[in-house]
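See structure below.
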Amino acid sequence: MDLLRDLNPQQQQAVMAGTGPVLVLAGPGSGKTRVLTQRIAYLIGQMGVRPYHVLAVTFTNKAAREMGDRVDEMLGQRGRGLTLGTFHATCGRILRREADHLPFDSNYVIFDADDQVRVVKQVIKDLNLDDKRYRPHGVHASISRAKNELLFADDFPVQTYRDEVVKRVYQRYQQTLMSSNAVDFDDMLLWTAYLLDEKPAIRERYARRYEHILVDEFQDTNMAQYVLLKHLASFHQNIFVVGDPDQSIYRWRGADFRNVLRFDEDFPSAQIILLEQNYRSTQSILDSAMAVIDRNPQRTKKTLFTERGQGQKIMLRELYDDRETASFVVDSIAGSVASKRAQPGDYAVMYRTNAQSRILEEAFLTAGLPYKLVGAQRFYGRREIKDILAYLRLAYNPKDEVSMLRVINTPRRGIGTKTIAVLRTYAQSLDLSPGDILLELGVSAESEHWDSLPNRVRTTLSPFGKLLSSWVALKDELSPLELMDQIIKDIAYRSYIDGGDDEGAERWENVMELRRLAADYRDKSLAAFLEDVALVSDQDTLDASANVPTLLTLHAAKGLEFPVVFIVGLNDGTLPHIRSFDDPEAMQEERRLLYVGITRAEDRLYLLHSLNRYNFGYSEPAEPSRYLDDIPMSLIDDGYSGGKRKSSRSSIFRPERWESPTATEQVVEQEYAAGMRVAHAAWGDGMVLNSKIEDNEEIVDVFFEEVGLKRLVASLANLEVLL
């Protein structure tokens with residue numbers, strides 16, 4: 001059959017798997033998207049399943065679009081009616097359809113990440129809590145974790161005083177969302193799981209409808225998503241999941257690679273199929289990746305192989321510090337591009353944390369080389385874009401208090417904080433939203449609220465109320481683009497945002513780009529437009545056509561591929577991150593993160609670490625990442641000949657990796673002891689707390705009076721013994 005012609009035997013086995021549960025463990029670059037789309041086509045084209053009865057879920061809009069395009073190419077009109085999209089988009093459709101069973105209306109809005117933190121910040125302020133002690137981002141993260149575990153505010157477990165505070169914030173936060181007729185990203189999963197769990201008739205209706213369920217990136221599912229899938233598959237049991245536990249790197253946002261183990265337990269009859277042939281990388285790159293990941297326990301071992309050949313060795317480089325590393329990256333790219341050996345867009349530079357991008361950006365700017373930065377200020381996070389979207393959200397749902405607070409005095413219209421406070425307090429006293437009051441003030445002076453508010457307040461608010469009333473009346477008559485244009489005209493937004501300078505011109509051009517995006521929704525609703533832009537991810541906004549190097553975190557690199565990859569900052573404390581040292585599961589995830597980075601490379605891979613790093617303005621010795629020690633010497637080109645270092649710098653690998661078996665090592669003797677007073681040229685006086693020999697180097701822990709605790713390599717630190 002044509003559907004199977006270009007598939008390898010393992011892929012064919014997955015596509016042709018019969019009914020019942022199927023678990024496909026797909027290595028990186030093994031063609032899992034092809035398998036998923038071919039499986040959909042096989043179900044519809046060969047097994048005669050109606051598209052209406054097929055559900056396929058992904059994690060990004062980009063993946064959903066790619067899958068949809070491939071299905072359309074294979075099936076054409078026969079694929080119409082298929083439910084295909086992200087988890088959140090799929091849940092969004094269910095929530096709007098079943099809103100009668102929920103505490104919010106079908107025209108709810110979705111609060112994005114900034115909105116969510118802003119609400120938490122306001123709640124902390126309203127509760128008179130110290131936002132230095134209870135930081136909004138941290139409190140919101142606790143709320144998000146609870147929702148991912150299917151815990152509503154009243155069910156939040158309290159074991160410490162902080163838990164008690166978080167529970168109070170969670171309760172008020174949720175009240176704010178409900179009064180604004182809004183949900184956050186986690187709510188979309190939580191409320192859908194609630195529906196399917198608490199409403200048996202609704203669960204049965206959807207479980208009967210979806211005869212076949214297909215899931216991409218299964219290792220990234222959290223508990224809420226796993227429960228959702230179990231409910232939806234409860235009738236037919238035809239669930240086909242594709243994932244790779246070795247690429248589970250989103251534990252911090254609730255993803256649980258153990259869902260793969262749960263799947264095996266909950267569906268004991270499941271077929272398990274391995275996809276091990278890689279179509280992306282050379283064998284050297286794959287062997288390096290396997291050497292790193294094979295150290296993790298509790299995993300199904302995969303043997304990745306490719307027909308692309310062995311390829312070049314891994315380029316391992318030791319640089320003096322972060323600045324020398326950045327210069328090395330820029331010089332390497334510039335040299336290859338100048339000699340026509342590669343295109344600028346062939347390169348990606350990956351790092352563990354966003355903060356590492358700054359020095360890299362400086363190096364690119366100094367060299368005059370353009371680049372693109374993934375995860376920087378996203379298009380949808382720009383001030384002017386958030387303004388226009390907030391106006392549209394408020395017109396769609398006047399109860400949206402977050403949007404109301406953003407635009408009520410933007411552009412300035414004389415509505416100050418005191419007036420807004422009076423409006424909010426008055427609305428709360430009547431159990432209404434501020435938007436409800438504004439609408440009534442805008443419609444008529446006969447409103448019952450007209451005489452209840454101070455004269456200055458109502459005369460200040462009524463003009464904006466009239467505008468809001470007009471937009472609400474037009475929202476169902478006009479397309480998203482037409483309504484956007486009407487709002488921009490009514491508030492004279494261009495004169496406000498474009499002051500005649502370059503920055504103003506750029507901001508206005510961003511508004512025009514938003515108009516171009518809205519133009520694609522001429523035949524769609526305002527709700528569809530707002531939902532799509534709320535659920536967009538960093539990868540969805542990545543401009544694949546720009547022929548420039550890409551700078552991105554290892555987390556953002558998931559699902560991408562590049563001919564040449566630099567992974568920088570491979571030092572202990574950075575990767576693995578220092579926060580993971582005392583948590584075995586976190587250390588396993590750090591290893592998976594490096595595995596993901598390595599397997600993004602197609603042809604060349606550079607692994608870079610530095611001898612020193614800057615910490616609070618001071619340079620301190622840095623140890624190479626312990627994970628580098630797992631890569632066999634036979635796979636590495638370290639820039640030196642003869643397999644032996646010709647540098648005074650200490651080897652990053654165990655000495656036996658570099659020296660011949662008969663070589664005699666010089667044994668390092670311990671010079672420092674606990675209690676010694678020492679001095680450092682930059683950090684001043686301190687006391688030795690501990691000293692030990694590791695890999696033929698003396699490692700000293702010193703508490704300095706001015707800068708605190710530092711861990712140092714004695715041979716590099718030049719400590720002076722005081723007594």
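Tyr371 is linked by a ring pair (Phe, Tyr, Trp, His ring centres under 6.0 Å) to Phe364, counting only residues two or more places apart in sequence or in another chain.
Residues Gln283 and Leu304 share a closest heavy-atom pair of NE2-O, 3.2 Å.
Taking CD1 from Ile124 and CZ from Arg135, the interatomic distance works out to 10.5 Å, rounded to the nearest 0.5 Å. Ile631 contributes atom CD1, which lies 7.5 Å from atom CG of Leu316 (distance to the nearest 0.5 angstrom).
When each of Arg591, Arg592, Arg251 is tested with Glu585 by the rule salt bridge (Lys or Arg N to Asp or Glu O under 4.0 Å), just one qualifies, namely Arg251. A side chain to side chain contact (heavy atoms under 4.5 Å, CB included) with Phe156 is found for exactly one of Leu151, Val166, Val169, Ile143, namely Val166. Of the options Arg341, Lys313, Arg308, Arg280, a salt bridge (Lys or Arg N to Asp or Glu O under 4.0 Å) to Asp603 is made by Arg308 and by none of the others.
The pair Arg613-Asp322 does not meet the salt-bridge criterion, since no charged nitrogen lies less than 4.0 angstrom from a carboxylate oxygen. Using a 4.0 Å cut-off between a side-chain N of Lys or Arg and a carboxylate O of Asp or Glu, Lys32 and Asp244 do not qualify as a salt bridge.
Cation-pi geometry between Arg626 and Phe581 is met: the NZ or CZ atom falls under 6.0 Å from the ring centre, inside 45° of the normal.
Taking the six-membered ring wherever Trp is involved, the centroid distance between the rings of Phe263 and Phe218 falls below 6.0 Å.
Side chains of Asn259 and Asn222 form no contact here, defined as non-hydrogen atoms less than 4.5 Å apart. Using a 4.5 Å heavy-atom cutoff, the side chains of Arg600 and Val565 are in contact.
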Worked verdict on Glu361 versus Arg358 for salt bridge (Lys or Arg N to Asp or Glu O under 4.0 Å): CA-CA 5 Å; Glu361 289 186 80; Arg358 183 181 63 82; over 6 Å; no

